[in-house]
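Just so you know, ligand 1 is whichever comes first in the structure, and atom 1 is the first atom listed for that ligand.
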Amino acid sequence: MCKKLAFIDEIVDILDLLYFHGWDERNGGNLSYLLDEKETSEVSSLEVKKTIETTFNMHEIVGKYFVVTGTGKYFKNCKKDPTHNLGIIKIINDYSYGIVWGLIDSKPTSELPTHLKCHIERLKVDPKHKLVIHCHTTNIICMSHILELNEDKWTEILWKMQTESIVVFPEGIGVLEWILCGGDLIGDATAKKMANYRAVVWAQHGLFATGTSLDETFGLIETIEKAAEIYMKICDKKIVQSISNENLLEIAQAFHINFKHGIID
Ligand code: 13P
Ligand code: ZN
């Protein structure tokens, strides 16, 4: 059945790419994808097979369907066996959701509270919002070991590592201190940041990124992680020349970019 669901094929392709970049070792990382009406209509049965209660309120997304990866599941296995490694859930009411497809002998990611809270928050700022991807991006984790957790500082550094950064994430990047993963606390803290950012760093853990499509969200992760990689390669070297505030302002003006103010201006 999964073969007929084009969106599942596209999702597992991205999960593969994330795995092969080395950002989702073992069961590291998770994904949730909001289905639109057309995609939902392609699923042969939307009958709820199992109901699960939550500790958090999902009022704003009741009735919506999401593809979610399973807890403990490996991204590298999703393509060859989607129905055991991911599935589709329906938000039934404020405090319960149901599994309608896949997730055979499994249940959704332990980071579901953060995913759903981020969907709720991002939908408030962008009605086209669709995706939340969590991954263990190596260089972002490296940076969080050596740099103070000041998000304006992080934004300035990442913007100045390569010309494209300010174009791809003009709003900057959110940064959270280490918080126990898998619960409501980190979910609330992440979702709060998502009011202003599409990407939030979890110190010593990884990244949460959001977007309107698989390409856009994956592209955001790639660009942020590449900037972090450049930083980690040069941070202990003598810098001879770099991108200046004036250069960034020039880019912003040329490409009509509405960037976060108060950092380079
Ligand atoms: P899950 O296997 O529950 O998705 O958890 C992986 C992870 O990255 C936790 O932060
Ligand atoms: Zn994680």
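Looking only at heavy atoms of the protein, atom 10 (O) of ligand 1 is closest to Glu111 OE2, 2.5 Å. Closest protein heavy atom to atom 7 (C) of ligand 1: Asn30 ND2, 3.5 Å.
Of the listed residues (His134, His115, Lys73), just one forms a side-chain hydrogen bond (donor to acceptor under 3.5 Å, both in side chains) with Asn30, and that residue is His115.
Annotation for ligand 1: atoms under 4.0 Å from non-hydrogen atoms of Gly28 are 8 (O). Atoms of ligand 1 lying under 4.0 Å from any heavy atom of His136, numbered from 1 in the order shown and given with element: 8 (O). Against a heavy-atom cut-off of under 4.0 Å, His205 is close to the following atoms of ligand 1: 10 (O). Within ligand 1, the atoms closer than 4.0 Å to a non-hydrogen atom of His134 are 8 (O), 10 (O), numbered from 1 in the order shown. Near Gly72, with a cut-off below 4.0 Å to any heavy atom, the atoms of ligand 1 are 1 (P), 2 (O), 3 (O).
The heavy atom nearest to atom 6 (C) of ligand 1, considering only Asp24, Asn27, Thr109, Val68, is found in Asn27.
When ring centroids are compared, Tyr19 and His21 stay outside the 6.0 Å threshold.
The existence of a salt bridge linking Glu216 and Arg198 is confirmed by a sub-4.0 Å separation between a basic side-chain nitrogen and an acidic carboxylate oxygen. The pair Glu39-Lys130 meets the salt-bridge criterion, with a side-chain N (NZ, NE, NH1 or NH2) lying under 4.0 Å from an Asp/Glu carboxylate O.
For NZ of Lys128, the number of neighbouring non-hydrogen atoms (other residues, nucleotides, ligands) closer than 6.0 Å is 12 at most.
A donor atom on one side chain and an acceptor atom on the other are not found under 3.5 Å apart for Asn85 and Lys79. Looking only at atom types and distance, the side chain of His145 has no donor-acceptor partner in the side chain of Gln204 under 3.5 Å away.
Ring-plane geometry between His119 and Phe66 is classed as tilted, the angle between the planes lying from 30 to 60 degrees on a 0 to 90 degree scale.
Between Cys181 and ligand 1, no pair of N/O atoms sits closer than 3.5 Å. Checking only distances, Ser110 does come within under 3.5 Å of ligand 1, N or O to N or O.
With the Zn ion (ligand 2) at the apex, His205 NE2 and His136 NE2 define an angle of roughly 100° (rounded to 10 degrees).
Residue contacts to the Zn ion (ligand 2): Cys135 brings no N, O or S atom closer than 2.8 Å.
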